A.B. asks: 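One structure, as structure tokens, below. Some questions next.
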Amino acid sequence: MHTRIRIGCAGWSIAAIHAGAFPGDGSHLERYARVFDAVEINSSFYKPHRPRTYAKWADAVPDEFRFAVKMPRVLSHEKRLRDCEGDLRSFLDAVLQLREKLGVLLLQLPPTLAFDARVALAFFDRMQASYRGAVACEPRHASWFTIDVESALRSRGIARVAADPARPPRAAVPGGDRRIEYARLHGSPRVYYDAYPRATLERIAARLMRPSLRTRERWCIFDNTALGHALTDALAVGARIGTPARGRAPAKSGVVRA
């Protein structure tokens, strides 16, 4: 199996200091998508976007570009996965306007939300009745990092995010369905603010290039956006992999299992 590597940022805003890396005319999204082949939409967590907005974004990027979309906080933080069928339906109706350019739905859970099989699995089952694409879940309560939860996520095709910094130590490595791996790098030691050291970026690049017999796609999203380091770090990892960020040749599969 060939593993597609997608590197990008949480959002596509381009500060003036980075303008030279994103030449040409067009919107920030159009310029960003000439360099990277993936982006994570975070604004959807805070407010709904109209279906036509998602359609417009899809039309602005190349065919191979993919969006990850963060699911609304009303689902995860306010209703805590309970009694939210209407909100879920409204979100899916809008986000599906990305069409084939919708790559992953990202569900980030609050640190206080413990795993409750009746609630969480019912939510995933309802979601998958209307959406059969990739889902990455970022739990932050220790109760989600057990063998039983891993099995439940894997059986439903739900990937568990590898996060940095990791709250429970197991959150640092991907889990659940490993056909897709999704890493969210928030910055360290100051979350959202600090850039990653060169040695860390080299380790990230090496991890992305590891051969795998089961992982078809790896996403690496930098979320240390507060001071603009996400773009710098994403560009650096792309350079270490050795090919342009967009249109990157897939890693070859091998005998090492991810």
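What you see is a predicted model; the values in this text were computed from it and never measured.
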A.B. asks: Judged by modelled atom types alone, do Asn224 and Asp194 share a side-chain donor-acceptor pair under 3.5 Å?
C.D. replies: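 Asp194 and Asn224 do not have a side-chain donor-acceptor pair below 3.5 Å.
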A.B. asks: Please walk me through it: do Leu185 and Ile221 pass side-chain contact (heavy atoms from CB on, under 4.5 Å)?
C.D. replies: CA-CA 6 Å; Leu185 308 176; Ile221 297 295; over 6 Å; no
A.B. asks: Go through the structure and list residues passing side chain to side chain contact (heavy atoms under 4.5 Å, CB included) with Ala19, not counting sequence neighbours.
C.D. replies: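 If we apply the side chain to side chain contact (heavy atoms under 4.5 Å, CB included) test to Ala19, skipping adjacent residues, the hits are Arg31.
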A.B. asks: For Arg216 and Leu213, indicate whether the former's side chain and the latter's backbone hold a donor-acceptor pair under 3.5 Å.
C.D. replies: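 No, because the side chain of Arg216 does not come within donor-acceptor range (under 3.5 Å) of the backbone of Leu213.
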A.B. asks: Measure the shortest side-chain to side-chain distance between Glu85 and Arg126 over non-hydrogen atoms and say whether it is less than 4.5 angstrom.
C.D. replies: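 A side-chain contact exists here, since the closest heavy-atom pair is under 4.5 Å.
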A.B. asks: In terms of ring plane angle, is the pair Tyr32 and Phe22 parallel, tilted or perpendicular, where the classes change at 30° and 60°?
C.D. replies: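 Aromatic pair Tyr32/Phe22 classed parallel.
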A.B. asks: Quick one: do Tyr182 and Leu208 end up in the same hydrophobic cluster if we chain Ile, Leu, Val, Met, Phe, Trp and Tyr together by side-chain heavy atoms under 4.5 Å apart?
C.D. replies: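 No, Tyr182 and Leu208 fall in different hydrophobic clusters.
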A.B. asks: Decide whether Val104 and Leu109 are clustered together by the hydrophobic rule: side chain heavy atoms of Ile, Leu, Val, Met, Phe, Trp, Tyr closer than 4.5 Å, transitively.
C.D. replies: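 Each belongs to a different hydrophobic cluster.
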A.B. asks: Do Glu40 and Leu106 touch side chain to side chain, with heavy atoms closer than 4.5 Å?
C.D. replies: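 Yes. Closest side-chain heavy atoms under 4.5 Å.
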A.B. asks: Any idea which heavy atoms bring Arg179 and Gly157 closest together, and the distance?
C.D. replies: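 Minimum heavy-atom contact is NH2-CA, 3.9 Å.
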A.B. asks: Please identify each residue that fulfils side chain to side chain donor-acceptor pair (under 3.5 Å) with Asp116, with sequence neighbours left out.
C.D. replies: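 Result, side chain to side chain donor-acceptor pair (under 3.5 Å) vs Asp116: none returned.
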A.B. asks: Sequence neighbours excluded, which residues qualify as salt bridge (charged side-chain N to carboxylate O under 4.0 Å, His left out) partners of Asp125?
C.D. replies: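 Applying salt bridge (charged side-chain N to carboxylate O under 4.0 Å, His left out) to Asp125 gives Arg156.
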A.B. asks: Does Lys101 make a cation-pi contact with Phe67 (under 6.0 Å, within 45 degrees of the axis)?
C.D. replies: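 Verdict for Phe67: no cation-pi partner in Lys101.
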A.B. asks: Could you give the distance from CD (Gln108) to OG (Ser76), rounded to the nearest 0.5 Å?
C.D. replies: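 If I round to the nearest 0.5 Å, the distance is 7.5 Å.
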A.B. asks: Measure across Ala172 and Ala162 and return the closest heavy-atom pair with its distance rounded to 0.1 Å.
C.D. replies: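 Reported closest heavy-atom pair: O-CB, 3.5 Å.
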A.B. asks: What are the two closest non-hydrogen atoms of Lys79 and Cys84, and how far apart are they?
C.D. replies: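 In this case the closest contact between Lys79 and Cys84 is CD-CB, 3.8 Å.
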A.B. asks: Do the side chains of Glu181 and Arg207 get close enough for a salt bridge, i.e. N-O under 4.0 angstrom?
C.D. replies: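 Result for this pair is yes, salt bridge flagged.
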A.B. asks: What's the verdict on side-chain contact (heavy atoms from CB on, under 4.5 Å) for Ile41 and Val95, showing C-alpha distance, side-chain angles and the deciding distance?
C.D. replies: CA-CA 11 Å; Ile41 299 174; Val95 78; over 6 Å; no
A.B. asks: Is there any ring pair (Phe, Tyr, Trp, His ring centres under 6.0 Å) pair reaching into residues 104-158, and which pairs are they, with sequence neighbours excluded?
C.D. replies: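 For residues 104-158: Phe115-Trp144.
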A.B. asks: Please name the pair of heavy atoms, one in Cys9 and one in Ala234, separated by the smallest distance, quoted to 0.1 Å.
C.D. replies: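 For Cys9 and Ala234, the tightest heavy-atom pair comes out as SG-CB, 3.9 Å.
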A.B. asks: To the closest 0.5 Å, what do you measure between CZ (Arg118) and CG (Leu81)?
C.D. replies: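 Between atom CZ of Arg118 and atom CG of Leu81 there are 13.5 Å.
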A.B. asks: Test Arg203 against Thr200 for side-chain hydrogen bond (donor to acceptor under 3.5 Å, both in side chains), laying out the working first.
C.D. replies: CA-CA 5 Å; Arg203 288 195 297 271; Thr200 301; 3.2 Å; yes
A.B. asks: Could I get the full list of salt bridge (charged side-chain N to carboxylate O under 4.0 Å, His left out) partners for Arg167, not counting sequence neighbours?
C.D. replies: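 So Arg167 forms no salt bridge (charged side-chain N to carboxylate O under 4.0 Å, His left out) with any residue.
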A.B. asks: Minimum heavy-atom separation for Phe65 to Ala38, with atom names?
C.D. replies: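 Looking at all heavy atoms of both residues, the shortest contact is CE1-N, 3.5 Å.
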A.B. asks: If only side-chain N and O atoms count, and only distance matters, is there a donor-acceptor pair under 3.5 Å linking Tyr196 with Glu202?
C.D. replies: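 No, no side-chain donor-acceptor pair sits under 3.5 Å.
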A.B. asks: Please identify each residue that fulfils salt bridge (charged side-chain N to carboxylate O under 4.0 Å, His left out) with Arg99, with sequence neighbours left out.
C.D. replies: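 If we apply the salt bridge (charged side-chain N to carboxylate O under 4.0 Å, His left out) test to Arg99, skipping adjacent residues, the hits are Asp59.
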A.B. asks: CG/Leu88 to CG/Asp83 distance, rounded to the nearest 0.5 angstrom?
C.D. replies: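 Answer rounded to 0.5 Å: 12.5 Å.
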A.B. asks: Could you list the residues that satisfy side chain to side chain contact (heavy atoms under 4.5 Å, CB included) with Ala206, not counting sequence neighbours?
C.D. replies: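 Residues passing side chain to side chain contact (heavy atoms under 4.5 Å, CB included) with Ala206: none at all.
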A.B. asks: ring-ring contact (aromatic ring centres under 6.0 Å, His included), that's the test. Do Tyr193 and His229 meet it? Break it down for me.
C.D. replies: CA-CA 7 Å; Tyr193 283 88; His229 294 307; 9.2 Å; no
A.B. asks: Same cluster or not: Leu153 versus Val173, using hydrophobic residues (I, L, V, M, F, W, Y) connected whenever any side-chain heavy atoms lie under 4.5 Å apart?
C.D. replies: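 In one cluster: no.
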A.B. asks: In this structure, are over 12 heavy atoms from other groups packed under 6.0 Å from Arg170 atom CZ?
C.D. replies: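 Incorrect, the count does not exceed 12.
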A.B. asks: Please report the interatomic distance CD1(Ile7) to CZ(Arg240), rounded to the nearest 0.5 Å.
C.D. replies: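 So the CD1 of Ile7 and the CZ of Arg240 are separated by 11.0 Å.
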A.B. asks: Do the side chain of Gln97 and the main chain of Tyr54 share a donor and acceptor less than 3.5 angstrom apart?
C.D. replies: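 Not confirmed, Gln97 side chain does not pair with Tyr54 backbone.
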A.B. asks: Under the salt bridge (charged side-chain N to carboxylate O under 4.0 Å, His left out) rule, collect the residues that match up with Asp164, sequence neighbours excluded.
C.D. replies: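 For Asp164 there are no salt bridge (charged side-chain N to carboxylate O under 4.0 Å, His left out) partners, ignoring immediate neighbours.
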A.B. asks: Can Val69 be reached from Ile158 by stepping across I, L, V, M, F, W or Y side chains whose heavy atoms are under 4.5 Å apart?
C.D. replies: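 Yes, one cluster joins them.
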A.B. asks: Using the side chain to side chain contact (heavy atoms under 4.5 Å, CB included) criterion, which residues pair with Glu78? Sequence neighbours excluded.
C.D. replies: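 Testing Glu78 for side chain to side chain contact (heavy atoms under 4.5 Å, CB included), a comparison that skips the adjacent residues, returns Arg73, Val74.
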A.B. asks: Quick one: do Val61 and Leu231 end up in the same hydrophobic cluster if we chain Ile, Leu, Val, Met, Phe, Trp and Tyr together by side-chain heavy atoms under 4.5 Å apart?
C.D. replies: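 In one cluster with Val61: Leu231, yes.
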A.B. asks: Of all the heavy-atom pairs spanning Met209 and Ile241, show the shortest one and how long it is.
C.D. replies: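 Distance-wise, the nearest heavy atoms are SD-CG2, 3.7 Å.
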A.B. asks: Examine distances only and state if a side-chain atom of Arg218 and a backbone atom of Arg210 form a donor-acceptor pair shorter than 3.5 Å.
C.D. replies: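 At least one qualifying donor-acceptor pair exists.
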A.B. asks: Does Arg6 form a side-chain contact (heavy atoms from CB on, under 4.5 Å) with Cys220? I'd like the steps, not just the answer.
C.D. replies: CA-CA 6 Å; Arg6 295 188 181 275; Cys220 180; over 6 Å; no
A.B. asks: Do the side chain of Thr215 and the main chain of Ile180 share a donor and acceptor less than 3.5 angstrom apart?
C.D. replies: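 No, Thr215 side chain to Ile180 backbone: no donor-acceptor pair under 3.5 Å.
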A.B. asks: CZ of Arg89: more than 12 outside heavy atoms within 6.0 angstrom?
C.D. replies: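 Result for CZ/Arg89: enclosed.
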A.B. asks: Taking only residues two or more places apart in sequence, or in another chain, which ones meet Thr225 in a side chain to side chain contact (heavy atoms under 4.5 Å, CB included)?
C.D. replies: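 Partners of Thr225 by the side chain to side chain contact (heavy atoms under 4.5 Å, CB included) criterion, ordered by chain and then number, come out as Ala10, Asp223, Ala230.
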A.B. asks: Any chance you could lay out the side-chain contact (heavy atoms from CB on, under 4.5 Å) test for Glu150 and Arg160, step after step, and finish with the verdict?
C.D. replies: CA-CA 8 Å; Glu150 283 288 295; Arg160 179 171 53 72; 2.9 Å; yes
A.B. asks: For residues 135-146, which residue pairs qualify under salt bridge (Lys or Arg N to Asp or Glu O under 4.0 Å), counting only residues two or more places apart or in two chains?
C.D. replies: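 Only Glu138-Arg184 qualify under salt bridge (Lys or Arg N to Asp or Glu O under 4.0 Å).
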A.B. asks: Under a 3.5 Å distance rule, please check whether Ser151 uses its side chain to pair with a backbone N or O of Ile147 as donor and acceptor.
C.D. replies: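 The answer is no, because no donor-acceptor pair under 3.5 Å joins these two groups.
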A.B. asks: May I have all residue pairs that pass ring pair (Phe, Tyr, Trp, His ring centres under 6.0 Å) and include part of residues 154-174, sequence neighbours excluded?
C.D. replies: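 Sorted result for residues 154-174: empty, none.
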A.B. asks: How long is the span from the CZ atom in Arg214 to the CZ atom in Arg178, to the nearest 0.5 Å?
C.D. replies: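 Arg214 CZ to Arg178 CZ: 4.5 Å, rounded to 0.5 Å.
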A.B. asks: Quick one: CZ on Arg50 to CZ on Arg52, what's the gap to the nearest 0.5 Å?
C.D. replies: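 If I round to the nearest 0.5 Å, the distance is 4.5 Å.
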A.B. asks: Suppose we call two aromatic rings close when their centres sit under 6.0 Å apart. Are Phe45 and His77 close by that rule?
C.D. replies: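 Yes, they do, as the ring centres are separated by less than 6.0 Å.
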A.B. asks: State, yes or no, whether a side-chain contact exists between Leu201 and Asp233 at a heavy-atom distance under 4.5 Å.
C.D. replies: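 The answer is yes; the side chains approach within 4.5 Å.
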